[in-house]
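In what follows, a single structure is set out as structure tokens and then discussed.
Just so it is clear, the model here is predicted, and its values are computed rather than measured.
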Amino acid sequence: MKKLRVFIKYIIRNEYLPLWIFAGIQLIYHICMSEPPESDAAWFFSKQLDTYTLKDYLETRYAVWSSRLLIEAVLVFVAKSMLWWRILDFIFWVFLAWAITGLFPEEKRELAGYLTVGFLCLYPVWDLKTAGWIATGVNYTWPLALGIFSLHGAARACSGKKTPVYLWVLYGLSALYGANMEQMCAVLLAVNCGVLFYCILQKKPPRLYGSVIVGTLAVFAEFVFIVTCPGNEARKSQEIISWMPNFESYHFLDKASMGFMDTMRHLLTSGNLLFLCYLILLAVFVFLKAKQTAFRAAAVFPVFVTVWISWFPNAVKANFPAFWKLVDKGDFICGSNYHMAANYIPVVLFLCVVGCMLLSLTAVCESLTELLAQLYLLALGLATRVVMGFTPTIYVSQERTFLFLYMILGISAAYLVVNHQKTLKENRNIWQTMKAAGVTLAVLGVLLDLAEIGSF
């Protein structure tokens, strides 16, 4: 009983209060979720073990469709029961919030917890229902949660804390499952390699970052497995025929352009609250820290463009029809249209937005290390979506593939607030206004999610 009381006292600390709030929100979400009869889980995954053994199914998938063998080995069982999926997915969402919070130093985790729950509430969770809740959750949310948990070793190494060997194993296994999803594999490989390079550069003892080495090896093994899987190539060939017959005619720059243009168009036109809040937060910090007009103008520009295009599309369409057509059409620069000057207008606009965001970060960050970390984080987030330009299903998968970019934006925002909390507290009125606005927006995000969750 004494141990139980100690445990209960531990989990009801202020540090864990936001996680309990988030657990309540997720419980409501998962009670409201229902799987449509035409979902991937309903018509395909739930029926596979009726015909095949698990071994035969995975061998077939490896040969003709996908390298996500760890993920699908779980999916074919979970797809049989919406109840079990609800329970497990609820656990993974709460685990995700805890895992993100655990990336921050212990003394800052209470604030980090509230910030994490805030941006998770702003995430448009209905983006994950496009192929059905079950298939999308197992393929996206679960690898995300386990992948972020595996990065706890990297966070401990950067802060100089030793990691017990048993956690090396847990982090390695989590990285192995998380990296079975291609976008998460890219994130984990980039972060682990970056931390490994940092630790070597700082001449830290290898035992301090042993878990990072284990994680890097696990993720690299997954990377090799993904690029050598015959099923991925077979699937790509089939998807080219089905979704983008001219895909093979595009060169490297064409595909990069397609990924970048589609990503930026979505961010600026979708009305997503998470991206807009990130831009506003960045602008607030710039106005608090920089007096130069150039920096302030650069901070305001992305906010103005995003609000103008996404919140007043009818006004833009009525007053600037040619411009709206260029942005809304979503064309990218390739060999067939590179000579048309008008197509470069959205490109220039999107590059200006990105450039202004980077300029704002240079005004906010107080050290070169912090600046490089933030730039690396945002570049990685953007890359997770731009890389979709190298697949013929970029316009089919669409919203759910933004999950990793949005999570990285949220983590970046949380780090900005945590690292510059002193500046905010010195401006008490602004700090109080930001807290009130944050709570209001989080509640709005939850209400929007609830309105959309049951709208199949």
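Of all the heavy atoms in Tyr376 and Ala190, the pair that sits closest is OH-O, 2.6 Å. Listed here is the closest heavy atom pair of Ser270 and Ser310: N-CB, 4.3 Å. Closest approach of Ser66 and Asn232 over heavy atoms only: CA-OD1, 3.5 Å. In this structure, Leu188 and Gly178 approach most closely via the heavy-atom pair CD1-C, 4.3 Å. The two residues Ser360 and Ala299 have their closest heavy-atom pair at OG-CA, 3.4 Å. Scanning all heavy atoms of the two residues, the minimum distance from Phe247 to Gly389 falls at CE1-O, 3.7 Å.
With Leu450 as the partner, the side-chain contact (heavy atoms from CB on, under 4.5 Å) test is satisfied by one option alone out of Val125, Ile25, Ile28: Ile28. In summary, of the residues considered (Leu447, Thr440, Val446), a side-chain contact (heavy atoms from CB on, under 4.5 Å) with Val443 occurs for Leu447 alone.
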Stepwise side chain to side chain contact (heavy atoms under 4.5 Å, CB included) check, Leu441 with Cys277 = CA-CA 9 Å; Leu441 288 169; Cys277 286; 3.4 Å; yes

Tell me, with the steps shown, if Val74 and Leu88 meet side chain to side chain contact (heavy atoms under 4.5 Å, CB included).
-> CA-CA 11 Å; Val74 174; Leu88 292 171; over 6 Å; no

What do the steps show when you test Trp431 against Asn427 for side-chain hydrogen bond (donor to acceptor under 3.5 Å, both in side chains), and what is the final call?
-> CA-CA 6 Å; Trp431 178 230; Asn427 297 268; over 6 Å; no

In sequence, state the C-alpha distance, the side-chain angles, and the governing distance for Trp243 and Ile240, and then conclude on side chain to side chain contact (heavy atoms under 4.5 Å, CB included).
-> CA-CA 5 Å; Trp243 303 109; Ile240 288 173; over 6 Å; no

Side chain to side chain contact (heavy atoms under 4.5 Å, CB included) assessment of Met264 paired with Leu349 = CA-CA 10 Å; Met264 294 304 300; Leu349 176 66; over 6 Å; no

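More than 12 heavy atoms of other residues, nucleotides or ligands lie within 6.0 Å of NZ in Lys435, so this atom counts as buried by the packing criterion.
Between the side chain of Ser174 and the backbone N or O of Ser150 there is no donor-acceptor pair closer than 3.5 Å. A donor-acceptor pair under 3.5 Å is formed between the side chain of Trp168 and the backbone N or O of Thr163. Between the side chain of Asn180 and the main chain of Leu70, a donor-acceptor pair closer than 3.5 Å is present. For the pair Arg109 (side chain) and Phe104 (backbone), a donor-acceptor distance under 3.5 Å is present. Asn272 contributes no side-chain N or O that, together with a main-chain N or O of Pro124, makes up a donor-acceptor pair within less than 3.5 Å. Within the 3.5 Å criterion, the main-chain N or O of Val396 finds no donor-acceptor partner in the side chain of Thr393. A donor-acceptor pair under 3.5 Å is formed between the side chain of Thr216 and the backbone N or O of Val212. Between the side chain of Asp254 and the backbone N or O of His251, at least one donor-acceptor pair lies under 3.5 Å.
Sorted by first and then second residue, the ring pair (Phe, Tyr, Trp, His ring centres under 6.0 Å) pairs with a member in residues 254-297 read His266-Phe402, Phe285-His420; sequence neighbours excluded. Sorted by first and then second residue, the ring pair (Phe, Tyr, Trp, His ring centres under 6.0 Å) pairs with a member in residues 188-224 form an empty list; sequence neighbours excluded.
Rounding to the nearest 0.5 Å gives a distance of 10.0 Å between OG1 of Thr433 and CZ of Arg428. Interatomic distance, Leu146 CG to Trp142 CH2, rounded to the nearest 0.5 Å: 9.5 Å. Note that CD1 of Ile148 and CD1 of Ile408 are 8.0 Å apart. Values are rounded to the nearest 0.5 Å. Taken from CG in Leu120 to CE in Met407, the straight-line distance is 5.0 Å, to the nearest 0.5 Å. Between the CG atom in Asp262 and the CZ atom in Phe350 there is a gap of 9.5 Å [rounded to 0.5 Å]. If you take CG on Leu409 and CZ on Phe119, they are separated by 9.5 Å, rounding to the nearest 0.5 Å.
A heavy-atom distance below 4.5 Å is found between the side chains of Lys108 and Asn419. No side-chain heavy atom of Cys199 sits under 4.5 Å from any side-chain heavy atom of Leu208. Side-chain contact between Leu403 and Asp127 is absent, with no heavy-atom pair separated by less than 4.5 Å. Contact annotation: the side chain of Leu424 approaches that of Leu288 to within less than 4.5 Å [non-hydrogen atoms, C-beta and beyond]. Residues Leu378 and Ser412 have side chains in contact (heavy-atom distance under 4.5 Å, counting atoms from C-beta outward). Residues Val307 and Leu276 have side chains in contact (heavy-atom distance under 4.5 Å, counting atoms from C-beta outward). With a 4.5 Å cut-off on side-chain heavy atoms, Trp133 and Asp89 do not count as touching. Put simply, the side chain of Met33 does not reach to within 4.5 Å of the side chain of Lys129, judged on heavy atoms.
Remark: Phe22 engages no residue in a ring pair (Phe, Tyr, Trp, His ring centres under 6.0 Å) (not counting sequence neighbours). Looking at residues two or more places apart in sequence or on another chain, you find a side chain to side chain donor-acceptor pair (under 3.5 Å) between Glu182 and Arg68. With sequence neighbours excluded, the residues satisfying ring pair (Phe, Tyr, Trp, His ring centres under 6.0 Å) with Phe320 are Trp308. Glu239 meets the side chain to side chain donor-acceptor pair (under 3.5 Å) test with Arg235; sequence neighbours excluded.
Between His30 and Phe90, the angle of the ring planes goes over 60°, which puts this pair in the perpendicular group of the 30/60° scheme.
For the residue pair Thr130/Arg400, the side-chain donor-acceptor check at 3.5 Å is satisfied.
Here Lys161 pairs with Glu106 in a salt bridge; the nearest charged N to carboxylate O distance falls below 4.0 Å.
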